[in-house]
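Numbers here are sequence positions counted from 1. For ligands, and for the atoms within them, numbers begin at 1 and follow the listed sequence. Side chains included, hydrogens not; waters and symmetry mates left out as well; all remaining heavy atoms used. On a predicted model such as this, the values are computed, not experimentally measured, just so you know.
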Amino acid sequence: MNEFTSKVHRDLPATRMWGFEAASPGPTIEARSGEGLLVEWVNNLPAKHFMPIDHNLHGAEADKPEVRSIVHVHGAKVPPESDGYPENWYVPGKSATYYYPNGQDPALLWYHDHAMGINRLNIYAGLFGLFIVRDKVEDALNLPRGAYEIPLVVFDRSFRQDGQLDYPVSGIADAPWVPEAFGEAMMVNGKLFPYLDVEPRKYRFRLLNASNGRFYHFSLSNGQHFKQIGTDQGLLPAPVDIETLLVAPGERVDVVVDFTGQRGERILLKSDTFEIMQFRVGRDRVSDSSSLPGSLRPVPKTLESSAIRTRRIPIIENKAKNGDSMMMLLNGMHWDMPVTENPTLDTTEIWELVNTTEDSHPIHLHLVRFQLLDRRVFNEYVYYRTRELRYTGPVEPPEPFEAGWKDTIRAHSLMVTRIIVRFEGYAGRYVWHCHLLEHEDNEMMRPYDVVAPRG
Ligand code: C2O
Ligand code: CU
Ligand code: CU
């Protein structure tokens, strides 16, 4: 982890950033399923932070070193000591060597800082990168690869006129935390509004939303559809034709776009009114030997009957008297309260996320992959008074584009979102949290324990 400067746009002076080696996103790590690897994550950052630390947040008190970091690989199935527990941060001059067994299906994972109380700032400064897992089964599908498989890491930032990153503050000098951070500059792979020369043929784009708080609704300006082939944790059973991709912070989508009929066109990747990037399609015909098979990889449904326990977990917002958001809590609990989620290793549970807030929260569990069962609207007043769930709408099954393996799920406002999770791999202490980084840094994160079965 280094500090460096990077030109994000022709017309802007170089921007100070933190990243891996000298890049943000950092180098992409490519791994094969079942082949472990070791990474030494070296903190070579300067001693002073350049983002507004809020010392009121748990873990970021004034007696803590300003610059601290710890790396977590989002979506990786790893032993707890290599998962990057938020309190195990270390300071410049130190490092940690982590073991990634990669005993999991091919997927686009990503590594990022996870230091308690400042991870929103460290990630905003640039501390993230991609980690791709592949295997033979996926290779045999003959999807577009090599130069035709392109990761697109999308995130928003604010820049000052001198080209420097600007992180929003509350206006209260000794309490700068804001409940959400949005930028109006759209970045792809570290560049501001870039273009990509493409050939008129199929491409595989692996999208990650690495924003602190922005949700994207990606579409193509020519009305062309995406073929979505995968979710956070790997391939879907079959491609899904989709016009708009809804991607929350932390989520990934894997898509194929066919530019064959678009020779000579310029196509924008858009999100609502934002232009994200441009594809410039070449004029010359090319041959394309890649395929988009009609079936990809089976995703066996985890049956509800296999769950040994259902946990009902409310998501609650604490507001100040003037209505300002103070913090959001999982299960009404703060980070340092006793562990409440303690599933047994090799068992399956259903988690019912009862979102009583006005926000959609992308909820992420470390270690595991899971499936979305359904979502359903409920009466929040009855819930507040009695803690009973009175449903006011029909059960909404997963959309076809999220009916695969997930590790981050949108818990929609005023809905109950039910996921089914098998806790596999390792016993030990992990975390689960909202992936809106401003929420995560302010108590919307909880430790959880995977408990080894007795006997
Ligand atoms: Cu992207 Cu706790 O993770
Ligand atoms: Cu994670
Ligand atoms: Cu949240």
For this session: To the nearest 10 degrees, calculate the angle at the Cu ion (ligand 2) involving NE2 of His364 and NE2 of His72.
Result: 170°

For this session: Could you tell me whether any N, O or S atom belonging to His112 is less than 2.8 Å from atom 1 (Cu) of ligand 1?
Result: yes

Problem set entry | Aromatic centroids of Tyr100 and Phe131 separated by under 6.0 Å | yes

Exercise. Checking only N/O/S atoms, does His74 have one that is under 2.8 Å from the Cu ion (ligand 2)?
Worked result: no

For this session: Determine, stepwise, if the pair Val188 / Ile276 fulfils side chain to side chain contact (heavy atoms under 4.5 Å, CB included).
Result: CA-CA 7 Å; Val188 185; Ile276 312 284; 3.5 Å; yes

Exercise. Can you name the N/O/S atom of His361 that is nearest the Cu ion (ligand 3)?
Worked result: ND1

Exercise. By atom name, which N, O or S atom of His74 is the nearest to atom 1 (Cu) of ligand 1?
Worked result: ND1

Exercise. What about the rings of His49 and Trp18, do their centers lie closer together than 6.0 Å?
Worked result: yes

Exercise. Looking at His439, which of its N, O or S atoms is the nearest one to the Cu ion (ligand 3)?
Worked result: ND1

For this session: Give the name of the N/O/S atom in His435 that lies closest to atom 1 (Cu) of ligand 1.
Result: NE2

For this session: Using the six-membered ring wherever Trp is involved, compare the ring planes of Tyr430 and Tyr448 and label them parallel, tilted or perpendicular (cut-offs 30° and 60°).
Result: tilted

For this session: Decide side-chain hydrogen bond (donor to acceptor under 3.5 Å, both in side chains) for Asn342 and Arg311; before the verdict, give the C-alpha distance in whole Å, the side-chain angles of both, and the deciding distance to 0.1 Å.
Result: CA-CA 10 Å; Asn342 52 358; Arg311 296 178 195 270; 3.2 Å; yes

Exercise. ring-ring contact (aromatic ring centres under 6.0 Å, His included) with His366: which of His114, His74, His435?
Worked result: His114

Exercise. Any N/O/S of His114 under 2.8 Å from the Cu ion (ligand 2)?
Worked result: no

